[in-house]
Engineer: 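I'd like to ask you about the structure that follows.
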Amino acid sequence: MPRVLVTGSAQGLGAEIARQLVARGYEVIVHGRDAARSNVAMAAVPGAAGFVTGRLDSLASTRLMADDARRKGPFDVIVHNAGTGPDQPGPVRTEDGFERILQVNVIAPYLLACMLSLPRRMVIVGSDAAGHGSPDVRLAGPEPWTGDAAYADSKLLVTMTFFELADRHTDRPINVVHPGWVRTRMGGPGAVLPPSDGADTPVWLVTSDEAVPRRGGQYVHRRRALPIHPATRDQALRAALVDRLAAITGEHLP
């Protein structure tokens with residue numbers, strides 16, 4: 001039975017992805033940012049095999065989460081759904097000194113990718129906001145700062161990070177998926193898709209042996225590989241980004 005870690009699975013899209021994978025017979029480990037949210041995740045995903053706990057807005061907590069995950073692994077698949085949205089009235093500095101949206105959405109997934117064994121498949125839940133992002137590999141944040149701009153930058157930078165990982169490991173499908181505008185807490189009540197529809201393509205990338213899920217380094221929406229920001233294919237920019245992330249975390253991408 002394949003073992004899968006789904007981060008950010010206490011509610012919304014992550015919980016729905018986890019539920020669909022449990023229904024398909026996968027052994028699913030869920031994730032919450034603290035003990036209370038991990039318990040919520042277990043309740044939201046009946047049949048989950050266990051949980052890991054850790055905040056992503058702290059390098060120390062993300063390391064503890066990775067240690068917890070290593071004890072529950074190794075994993076055949078990792079679905080990285082955890083993240084934060086643009087609804088932040090101003091820049092917030094974390095305890096590590098980074099803007100919170102960039103730390104949660106870019107630095108933390110990089111650190112987890114470095115610290116966990118590379119799975120057979122990896123799915124990163126991204127966003128079409130990446131198409132509007134700026135590839136500022138310094139991770140300085142947009143000027144002037146807006147939540148939408150910081151979010152767009154973060155989704156571009158995380159896509160660049162995992163396209164770099166995919167190019168290093170062409171034998172393991174590592175893909176970024178845009179689930180659409182989903183009715184979750186992040187998507188809001190005006191979103192057009194229920195979580196079940198938003199989960200369709202991420203679950204398909206985990207479970208299918210069709211052509212697209214067998215390849216890596218793709219931006220996938222509605223089961224189709226689509227073009228995205230040209231910076232995602234710029235090897236020099238990607239190298240500069242992962243060098244910066246390595247300097248921040250002290251960890252190197254496998």
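Heavy atoms only: backbone and side chains are in, while hydrogens, waters and symmetry mates are out.
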Engineer: Is there side-chain contact between Asp67 and Met115, with at least one heavy-atom pair below 4.5 Å?
Structural biologist: yes
Engineer: Any heavy-atom pair between the side chains of Pro2 and Arg120 that's under 4.5 Å?
Structural biologist: yes
Engineer: Taking only residues two or more places apart in sequence or in another chain, which ones pass side chain to side chain donor-acceptor pair (under 3.5 Å) with Arg233?
Structural biologist: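 Side chain to side chain donor-acceptor pair (under 3.5 Å) list for Arg233, sorted by chain: empty.
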Engineer: Are a donor atom and an acceptor atom from the side chains of Thr159 and Thr232 found within less than 3.5 Å of each other?
Structural biologist: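 Per modelled atom types, Thr159 and Thr232 side chains form no pair under 3.5 Å.
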Engineer: Quick one: does any side-chain atom of Arg214 pair with a main-chain N or O of Asp209 as donor and acceptor, under 3.5 Å?
Structural biologist: yes
Engineer: Within the side chain of Arg224, is there an N or O that forms a donor-acceptor pair under 3.5 Å with the backbone of Val220?
Structural biologist: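 Checked: no pair found.
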Engineer: Does the side-chain contact (heavy atoms from CB on, under 4.5 Å) test come out yes or no for Trp204 and Val212, once each step is laid out?
Structural biologist: CA-CA 10 Å; Trp204 176 71; Val212 170; 3.6 Å; yes
Engineer: Taking atom CD1 of Ile29 and atom CZ of Phe51, what is their separation to the nearest 0.5 Å?
Structural biologist: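 Reported value, rounded in 0.5 Å steps: 9.5 Å.
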Engineer: Let me see the working for Ile174 and Phe163 under side-chain contact (heavy atoms from CB on, under 4.5 Å), right down to the final yes or no.
Structural biologist: CA-CA 8 Å; Ile174 299 168; Phe163 275 24; over 6 Å; no
Engineer: Using the rule given for side-chain contact (heavy atoms from CB on, under 4.5 Å), can you reason through Val177 versus Ile124, listing the C-alpha separation, both sets of side-chain angles and the distance that settles it, and then say yes or no?
Structural biologist: CA-CA 6 Å; Val177 59; Ile124 311 302; over 6 Å; no
Engineer: Are the side chain of Asn175 and the backbone N or O of Val123 linked by a donor-acceptor pair below 3.5 Å?
Structural biologist: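 It does not hold such a pair.
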Engineer: Is there side-chain contact between Tyr151 and Asp87, with heavy atoms separated by less than 4.5 Å?
Structural biologist: no
Engineer: Is there a donor-acceptor pair closer than 3.5 Å between any side-chain N or O of Arg138 and the backbone N or O of Arg244?
Structural biologist: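 No; zero donor-acceptor contacts below 3.5 Å.
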Engineer: Is any side-chain N of the basic residue among Arg168 and Glu164 closer than 4.0 Å to the acidic one's carboxylate O?
Structural biologist: yes
Engineer: Are Asp200 and Arg223 close enough for a salt bridge, meaning some N to O gap below 4.0 Å?
Structural biologist: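 Salt bridge present between Asp200 and Arg223.
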Engineer: Should Arg121 and Pro213 count as side-chain neighbours, where that means a heavy-atom distance under 4.5 Å?
Structural biologist: yes
Engineer: Apply the test side-chain contact (heavy atoms from CB on, under 4.5 Å) to residues Met122 and Leu165: give CA-CA distance (whole Å), side-chain angles for both, the deciding distance (0.1 Å), then the verdict.
Structural biologist: CA-CA 10 Å; Met122 187 177 291; Leu165 185 62; 4.2 Å; yes
Engineer: When you measure from the side chain of His229 to the backbone N and O of Ala231, does any donor-acceptor pair fall under 3.5 Å?
Structural biologist: yes
Engineer: Taking all atoms of both residues into account, what is the closest heavy-atom pair of Ala113 and Phe162, and its distance?
Structural biologist: CB-CE2, 3.9 Å
Engineer: Hey, which of His31, His80, Arg33 is the one that makes side-chain hydrogen bond (donor to acceptor under 3.5 Å, both in side chains) with Thr7?
Structural biologist: His80
Engineer: Between Glu210 and Arg215, is there a side-chain N and carboxylate O pair less than 4.0 Å apart?
Structural biologist: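 Judged by the 4.0 Å cut-off on N to carboxylate O distance, Glu210 and Arg215 do not form a salt bridge.
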Engineer: Linking I/L/V/M/F/W/Y whenever any side-chain heavy atoms sit under 4.5 Å apart, do Leu111 and Met160 land together?
Structural biologist: yes
Engineer: What is the minimum heavy-atom distance between Ala49 and Arg3, and which atoms define it?
Structural biologist: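 That would be CB-NH1, 4.4 Å.
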Engineer: Under a 4.5 Å side-chain heavy-atom rule over Ile, Leu, Val, Met, Phe, Trp and Tyr, are Ile17 and Val30 clustered together?
Structural biologist: yes
Engineer: Under 4.5 Å between any side-chain heavy atoms of Leu112 and Leu56, yes or no?
Structural biologist: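 When only atoms from C-beta onward are counted, Leu56 and Leu112 do touch, with a gap below 4.5 Å.
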Engineer: Measuring from Asn105:CG to Leu102:CG, what's the distance to the nearest 0.5 Å?
Structural biologist: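 Here the rounded value is 7.5 Å.
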Engineer: Any luck finding a side-chain donor-acceptor pair between Asp57 and Gln103 under 3.5 Å?
Structural biologist: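 Absent: no donor and acceptor within the cut-off.
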Engineer: Kindly compute the distance separating OG1 (Thr161) from CD1 (Ile107), expressed to the nearest 0.5 Å.
Structural biologist: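 Result: 10.0 Å between the selected atoms.
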Engineer: May I ask you to say whether Lys155 pairs ionically with Asp148, meaning some side-chain N is under 4.0 Å from a carboxylate O?
Structural biologist: no
Engineer: If you compare all heavy atoms of Ala166 against all heavy atoms of Gly216, which two are closest, and at what distance to 0.1 Å?
Structural biologist: CB-C, 4.3 Å
Engineer: Please determine whether residues Val4 and Phe75 belong to a single hydrophobic cluster, defined as Ile, Leu, Val, Met, Phe, Trp and Tyr linked transitively by side-chain heavy-atom distances below 4.5 Å.
Structural biologist: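 Val4 and Phe75: separate clusters.
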Engineer: Please examine the side chains of Arg238 and Leu241, heavy atoms only from C-beta on, and report whether any two atoms are closer than 4.5 Å.
Structural biologist: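 Leu241 vs Arg238: side chains apart.
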Engineer: With sequence neighbours excluded, tell me which residues meet side chain to side chain contact (heavy atoms under 4.5 Å, CB included) with Ser134.
Structural biologist: Asp136, Asp153
Engineer: Tell me if a side-chain donor or acceptor on Asp96 pairs with a main-chain N or O of Leu59 at a distance below 3.5 Å.
Structural biologist: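 Yes, the answer is positive, given that a donor and an acceptor are paired below the 3.5 Å cut-off.
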Engineer: Can a donor-acceptor pair be found, under 3.5 Å and without considering hydrogens, that links the side chain of Tyr110 to the backbone of Glu251?
Structural biologist: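 Looks like yes, one N/O pair under 3.5 Å.
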Engineer: How far does CD of Gln218 sit from CD1 of Ile228, to the nearest 0.5 angstrom?
Structural biologist: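 Answer rounded to 0.5 Å: 13.0 Å.
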Engineer: How long is the gap from CG on Leu116 to CD1 on Ile78, to the nearest 0.5 Å?
Structural biologist: 5.0 Å
Engineer: Find the distance between CG (Leu157) and CG (Leu237) and round it off to the nearest 0.5 Å.
Structural biologist: 9.5 Å
Engineer: Would you say the side-chain atoms of Arg100 and Thr84 include a donor-acceptor pair closer than 3.5 Å?
Structural biologist: yes
Engineer: So, for Ala129 and Ala152, which heavy atoms are closest and what is the spacing to 0.1 Å?
Structural biologist: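 Looking at all heavy atoms of both residues, the shortest contact is O-CB, 3.3 Å.
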Engineer: Should side-chain heavy atoms under 4.5 Å link Ile, Leu, Val, Met, Phe, Trp and Tyr, which residues sit in the same cluster as Ile101?
Structural biologist: Trp145
Engineer: Could you tell me whether Asp34 and Arg37 have a side-chain N and a carboxylate O separated by less than 4.0 Å?
Structural biologist: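 Salt bridge between Asp34 and Arg37, a charged N being under 4.0 Å from a carboxylate O: no.
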Engineer: Test side-chain hydrogen bond (donor to acceptor under 3.5 Å, both in side chains) on Gln88 and Glu99; report intermediate values, then the result.
Structural biologist: CA-CA 11 Å; Gln88 189 175 289; Glu99 203 290 310; 2.8 Å; yes
Engineer: Looking at Ala18 and Ser9, what are the two nearest heavy atoms and their distance?
Structural biologist: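 Reported closest heavy-atom pair: CB-CB, 4.5 Å.
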Engineer: Donor-acceptor pair, distance only, cut-off 3.5 Å: does the side chain of Lys72 make one with the backbone of Val52?
Structural biologist: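 No; zero donor-acceptor contacts below 3.5 Å.
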Engineer: Can Val125 be reached from Val106 by stepping across I, L, V, M, F, W or Y side chains whose heavy atoms are under 4.5 Å apart?
Structural biologist: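 In one cluster with Val106: Val125, no.
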Engineer: I want to check something: taking the side chain as every heavy atom from C-beta on, are Tyr26 and Val206 in contact at a cut-off of under 4.5 Å?
Structural biologist: yes
Engineer: Transitively linked via ILVMFWY side-chain contacts under 4.5 Å: Val6 with Val40?
Structural biologist: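 Hydrophobic grouping puts Val6 apart from Val40.
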Engineer: For Arg55, does its backbone N or O pair with a side-chain atom of Ser58 as donor and acceptor, under 3.5 Å?
Structural biologist: no
